[in-house]
Structures are given as structure tokens and as C-alpha cells.
Amino acid sequence: MFNFSKGYLIAAVSSFGLAIAISQPASAFNLRGIEFPLGEASFADEVVEHNKVYANGLTKEEAYAQNWNASAQAFDDPTSVLGVANSSWKGNKLAISQRDDYSLGRGGSITVKFTDNFLVGSDDDKDDLWIFEAGGLVEGMMVDISKDGETWFSLGEIGGTQHAGFDLDAFGFTSDDTFSYVKVTDNGQNGYRQGWAGADIDAIGAISSKDVPEPASLFGLLTMGGLITSSVFKRR
């Protein structure tokens with residue numbers, strides 16, 4: 001009887017320990033006065049599509065050939081949009097060589113995806129999504145969101161101020177609405193002189209966010225618990 005009880009205790013403790021490890025919350029942090037409860041997991045993880053339009057209607061090759069101190073190349077990596085904001089902004093202006101953002105060009109766009117979390121509403125009037133645009137004032141851009149990458153909902157246009165947040169609840173969404181995709185499009189009315197023409201996107205963060213369920217991890221938890229319990233019965 002002692003071994004049976006002890007075995008069940010081991011199985012329960014092991015399964016519980018695994019459950020705790022899986023469900024550990026991300027470390028929240030404050031970035032430029034904005035609180036992100038899920039920490040680094042709050043930010044976009046994958047570039048789905050990008051369409052940069054070079055200054056003066058030039059092709060990519062023609063733009064690179066211009067004497068712009070390599071500025072075309074410096075702002076030409078779409079993956080610069082992923083992860084936590086780390087480029088130039090009003091409180092920390094960086095030299096071109098240190099910048100890490102992606103310029104859209106006149107009417108250009110980029111679509112990103114959250115893979116380990118969902119963007120959701122917050123059931124209040126606070127901002128749920130923030131677009132980090134490099135530089136001082138936010139340049140004009142349109143923002144759309146989608147649950148599946150096919151049906152899109154417009155959140156309208158921002159620009160001309162330093163505020164780049166959106167309250168999803170103002171559009172009728174709640175914490176039950178889960179979005180994975182965000183598309184940002186330059187409004188075609190910004191400055192388009194050199195390689196960093198148009199809106200310069202540094203990062204896209206979901207202030208209001210939910211973790212994506214991990215069925216594989218849950219399955220592993222149940223399997224491990226089952227194996228331990230099975231082993232206990234075999235020893236009886």
C-alpha cells in the first residue's frame with residue numbers, strides 16, 4: 001500500500017511540475033512608457049509579406065546605385081520589424097549605421113504574424129496594439145489586422161503625432177477576438193527622398209495579448225503523467 005501511494009504521489013508531483021513549467025508567464029516589461037504584459041513575446045515573430053517601393057520610382061538596383069551612403073541597404077531588411085523595438089526614436093536618435101528598422105517607401109507595405117501569442121481586445125478603452133515607427137513624429141500609415149491572413153479589418157490611419165496605438169475595442173472587438181496578422185501600409189504622403197523614404201517600421205507589439213495554446217506541450221504533460229502512473233501499476 002505504501003508503494004502504491006508513494007507512486008501516485010510521484011506521478012502527481014511530476015505532472016504538476018511539468019504543468020508549472022509550461023504555464024510560467026512571460027516577464028512583463030515597460031517599453032517607452034508602454035506596458036507589455038507578455039514581455040518580448042508580445043512582439044511580431046514572422047514576416048508574411050513585404051512590398052517596398054523605392055524613392056523616385058527607382059528599381060531596387062537603381063536605388064542601390066545612388067550615392068545615398070548605403071541608406072537604401074540600411075533600411076531594406078524586413079526582418080528588422082520583428083522582435084522588440086530597438087531602432088532610432090525621438091528620445092534616442094541613432095546614426096544610419098546603427099538603425100534597425102524597415103522603410104516602406106511610397107505606398108509600400110509589410111505584413112507580420114504573431115506565432116506564439118494573439119493580439120486581442122482588452123474590454124476597455126486602452127490601446128491594444130502599438131506600431132513603433134522610427135524617428136520623431138509617426139509618419140502616415142494605414143493599419144489592418146486579420147485573424148486568418150485573408151479577411152482584414154481596417155483600424156484606419158495614424159501619423160503626425162508620436163501616438164501610434166490602437167484600441168481594438170473601439171472597433172467592436174473584445175478579449176475573445178484573437179488576431180494573428182497585422183499589415184502596415186505607407187499612406188503615400190510622406191517624405192520620399194532617399195533610401196529610408198516613407199514610414200520606417202521598427203516593431204509591432206501586441207499590448208493586449210494572449211498566449212497561443214500549446215497542444216503538443218499539454219499532450220506531453222498527459223503522456224508523461226500516464227507513463228509514470230502506468231509504471232506505478234506495473235510495480236504493484
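Keep in mind the model is a prediction, meaning the values are calculated, not measured.
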Heavy-atom donor-acceptor pair, Asp125 side chain to Ala170 backbone, under 3.5 Å: no
Test log, rule side-chain contact (heavy atoms from CB on, under 4.5 Å), inputs Gln162 and Leu137: CA-CA 5 Å; Gln162 292 180 34; Leu137 297 180; 4.0 Å; yes
Val138 vs Ile131 side-chain heavy atoms within contact, under 4.5 Å: no
Met141 vs Ile158 side-chain heavy atoms within contact, under 4.5 Å: yes
Within one Ile-Leu-Val-Met-Phe-Trp-Tyr cluster: Trp89 and Phe75, side-chain cutoff 4.5 Å: no
Pairwise distance CZ(Arg99) to CG(Asp77) - rounded to 0.5 angstrom: 14.0 Å
Ser80 and Asp100: side chain donor to acceptor below 3.5 Å: yes
Closest contact, heavy atoms only, Gly191 versus Glu139: N-OE2, 4.2 Å
Check: Asp148/Ser146 side-chain N/O donor and acceptor closer than 3.5 Å: yes
Closest contact, heavy atoms only, Ser88 versus Leu94: OG-N, 3.2 Å
Spatial distance of atom NE2 (His50) from atom OG1 (Thr79) [nearest 0.5 Å]: 9.0 Å
Asp144/Tyr181 under side-chain contact (heavy atoms from CB on, under 4.5 Å): CA gap, chis, key distance, verdict: CA-CA 8 Å; Asp144 299 87; Tyr181 300 86; over 6 Å; no
Phe171 ring center near Phe166 ring center (under 6.0 Å): no
CG-CG distance between Asp45 and Asp116, expressed to the nearest 0.5 angstrom: 4.5 Å
More than 12 heavy atoms from other groups under 6.0 Å of CD on Glu157: yes
Closest non-hydrogen atom pair, Ser87 against Asp101: OG-OD2, 2.5 Å
Distance-only polar pair, side chains of Asp169 and Ser122, donor-acceptor under 3.5 Å: yes
Contacts of Phe173 that satisfy ring-ring contact (aromatic ring centres under 6.0 Å, His included) - sequence neighbours left out: Phe153, Phe179
Side-chain donor-acceptor pair present, Asp128, Ser208, cut-off under 3.5 Å: yes
Lys60 vs Asp76, side-chain contact (heavy atoms from CB on, under 4.5 Å): CA-CA, chis, key distance, verdict: CA-CA 10 Å; Lys60 179 177 180 178; Asp76 206 21; 3.5 Å; yes
Val184 with Val53, same ILVMFWY side-chain cluster at under 4.5 Å: no
Closest contact, heavy atoms only, Ser103 versus Lys52: OG-NZ, 2.8 Å
Ile201/Phe132 under side-chain contact (heavy atoms from CB on, under 4.5 Å): CA gap, chis, key distance, verdict: CA-CA 6 Å; Ile201 311 304; Phe132 288 88; over 6 Å; no
Sub-4.5 Å side-chain heavy-atom contact between Tyr54 and Glu62: no
hydrophobic_cluster_shared for Ile204 and Ile145, side chain cutoff 4.5 Å: yes
Nearest heavy atoms of Phe43 and Phe29, plus distance in Å: CE1-CZ, 3.7 Å
Close side-chain approach of Asp127 and His163, heavy atoms under 4.5 Å: yes
Spatial distance of atom CG (Leu155) from atom CG (Leu168) [nearest 0.5 Å]: 5.5 Å
ILVMFWY network linking Phe118 to Leu82, side-chain heavy atoms under 4.5 angstrom: no
Value rounded to 0.5 Å, distance of CG in Asp186 from CZ in Arg106: 8.0 Å
For Ala199 against Glu133, the heavy-atom pair lying closest together: CA-OE2, 3.5 Å
Val143 side chain near Leu129 side chain, heavy-atom distance below 4.5 Å: yes
Hydrophobic cluster membership, Met142 vs Val48, 4.5 Å side-chain cutoff: no
4.5 Å side-chain heavy-atom contact, Glu35 and Asn30: yes
By salt bridge (Lys or Arg N to Asp or Glu O under 4.0 Å) - contacts of Lys90 (at least two apart): none
Qualifying residue for side chain to side chain donor-acceptor pair (under 3.5 Å) with Asn117, from Ser180, Ser42, Ser209: Ser209
Separation of Asp123 CG from Asp177 CG (nearest 0.5 Å): 9.5 Å
